[in-house]
Amino acid sequence: MINLPNSDAYTRGVEYLRVMQTLVPEPAMVDVMSNLRDRTTICVWIGTHIWAVNETLQQCLLACHECFHVHQRRYITIYAVPLAQPYQLDGLCNISTNPTTILIDAGRVAPEHWLSIVAHEYAHAHLGSPGHDPRFARVLAHLCLGLGLQPPSAETEAGLRSHPPYIPTSDPLAFWRGETITVGR
């Protein structure tokens, strides 16, 4: 878990985002500060609520761990973070960090579907590989069966890129502003 200085919510939010920038391949992937309209609201919300969101994602991570024997589990951390719109990512697994880090944009996916995206990124973390090859398909199928999610039916790379299926939110930043999430684009 990341420890931040005990300060006001805005400062905690900014510091959290700065730490998250060190966990992505390019710091620009986490860019709230250039959003002049929403940055204060987002940073305050993160500084106030991120620990509860991360705890929920941690429970998803633990559910994925339970699908494997203890000796097969890798050391993985997971965090929620608003990912910059130009990258078009709902989540990512950074296999270059130690421990491996899963980052989920909790605003792009309704909370009831967080397990689906965590399972997808967990498969990458488990393999230590970014690809969507047959090995990925096998691990993802194993996870889906263990978690009660729809297993992949086709092992094509294109089909695996967005599996398990979920409906994206219509406004990814609504979550980070503390608003109600609307599903669908």
Worksheet item: Out of curiosity, T100 OG1 to R74 CZ, how far, rounded to the nearest 0.5 Å?
Response: 4.5 Å
Item to complete: Look at the rings of F136 and H132 and say which category their plane angle falls in: under 30° parallel, 30 to 60° tilted, over 60° perpendicular.
Response: perpendicular
Worksheet, complete the sentence: For P152 and A137, the nearest pair of non-hydrogen atoms, with its separation, is CG-O, 4.2 Å
Worksheet item: Between CZ of R73 and NE2 of H71, what distance do you get to the nearest 0.5 Å?
Response: 10.0 Å
Worksheet entry | I102 CD1 to Y79 OH distance, which is reported to the nearest 0.5 Å | 11.5 Å
Discussion item. Run the side chain to side chain donor-acceptor pair (under 3.5 Å) test against Y166 and tell me which residues pass, sequence neighbours left out.
Written reply: D90
Worksheet entry | Short side-chain to backbone donor-acceptor contact, N94 and T101, under 3.5 Å | no
Discussion item. Which residues pass the side chain to side chain donor-acceptor pair (under 3.5 Å) test with D31, not counting sequence neighbours?
Written reply: S34
Item to complete: Using only heavy-atom distances, determine whether the side chains of R108 and Q85 contain a donor-acceptor pair under 3.5 Å.
Response: yes
Discussion item. A side-chain contact here means heavy atoms from C-beta on lying under 4.5 Å apart; do P151 and H142 qualify?
Written reply: no
Worksheet item: Is any side-chain heavy atom of L143 closer than 4.5 Å to a side-chain heavy atom of L149?
Response: no
Fill in: CA sep, side-chain torsions, deciding dist, call: T169, V109, side chain to side chain contact (heavy atoms under 4.5 Å, CB included)
CA-CA 6 Å; T169 59; V109 182; 5.7 Å; no
Worksheet item: Under the side chain to side chain donor-acceptor pair (under 3.5 Å) test, which residues partner H49, sequence neighbours left out?
Response: none
What side-chain donor-acceptor pairs closer than 3.5 Å can you find for residues 36-46, not counting sequence neighbours?
from, atom 1, to, atom 2, distance (Å)
D38, OD2, R177, NH1, 3.2
R39, NH1, M33, O, 2.8

Response to the item:
Of all heavy-atom pairs linking P25 and L92, the shortest is CD-CD1, 4.3 Å
Worksheet item: Does some side-chain heavy atom of F175 sit less than 4.5 Å from a side-chain heavy atom of V53?
Response: yes
Fill in: V32 reachable from M29 in the ILVMFWY side-chain graph, under 4.5 Å edges
yes
Item to complete: Nearest 0.5 Å please: distance from the NE2 atom of H126 over to the CD1 atom of I95.
Response: 13.5 Å
Worksheet item: Any side-chain heavy-atom pair from Q150 and P164 closer than 4.5 angstrom?
Response: no
Would you list the atom pairs, donor with acceptor, under 3.5 Å between side chains in residues 56-68 and any protein atom, with sequence neighbours excluded?
from, atom 1, to, atom 2, distance (Å)
T56, OG1, A52, O, 3.2
Q59, NE2, E55, OE2, 2.6
H65, ND1, Y122, OH, 2.8

Practice prompt. Say whether, by atom type as modelled, one donor and one acceptor occur between the side chain of Q72 and the main chain of H69 under 3.5 angstrom.
Written response: yes
Worksheet item: Under 3.5 Å, side chain of H124 to main-chain N/O of S129, donor-acceptor pair present?
Response: yes
Discussion item. Applying a strict under-4.5 Å side-chain criterion to I, L, V, M, F, W and Y, I'd like to know whether V24 and Y87 cluster together.
Written reply: yes
Fill in: CG on D171 to CH2 on W176, rounded to 0.5 Å
13.0 Å
Discussion item. I'd like to know if the side chain of Y16 pairs up with that of N54 as donor and acceptor (distance under 3.5 Å, no hydrogens or angles considered).
Written reply: yes
Discussion item. One thing to verify: whether R12 and E15 come together as a salt bridge, which I'm taking to mean a side-chain N less than 4.0 angstrom from a carboxylate O.
Written reply: no
Response to the item:
Hits for side chain to side chain donor-acceptor pair (under 3.5 Å) against Q21, two or more places apart or cross-chain, chain-then-number order -> none
Worksheet item: Are V19 and I104 linked, directly or through other ILVMFWY residues, by side chains that come within less than 4.5 angstrom of each other?
Response: yes
Item to complete: Might you work through the side chain to side chain contact (heavy atoms under 4.5 Å, CB included) test for L173 and N35, ending with a clear yes or no?
Response: CA-CA 10 Å; L173 289 180; N35 182 335; 3.3 Å; yes
Worksheet item: I50, L17: one ILVMFWY side-chain cluster at the under-4.5 Å cut-off?
Response: yes
Fill in: Spacing of I78 atom CD1 and W114 atom CH2 [to the nearest 0.5 Å]
10.0 Å
Fill in: Heavy-atom pair of closest approach, residues T48 and A9
OG1-CB, 3.4 Å
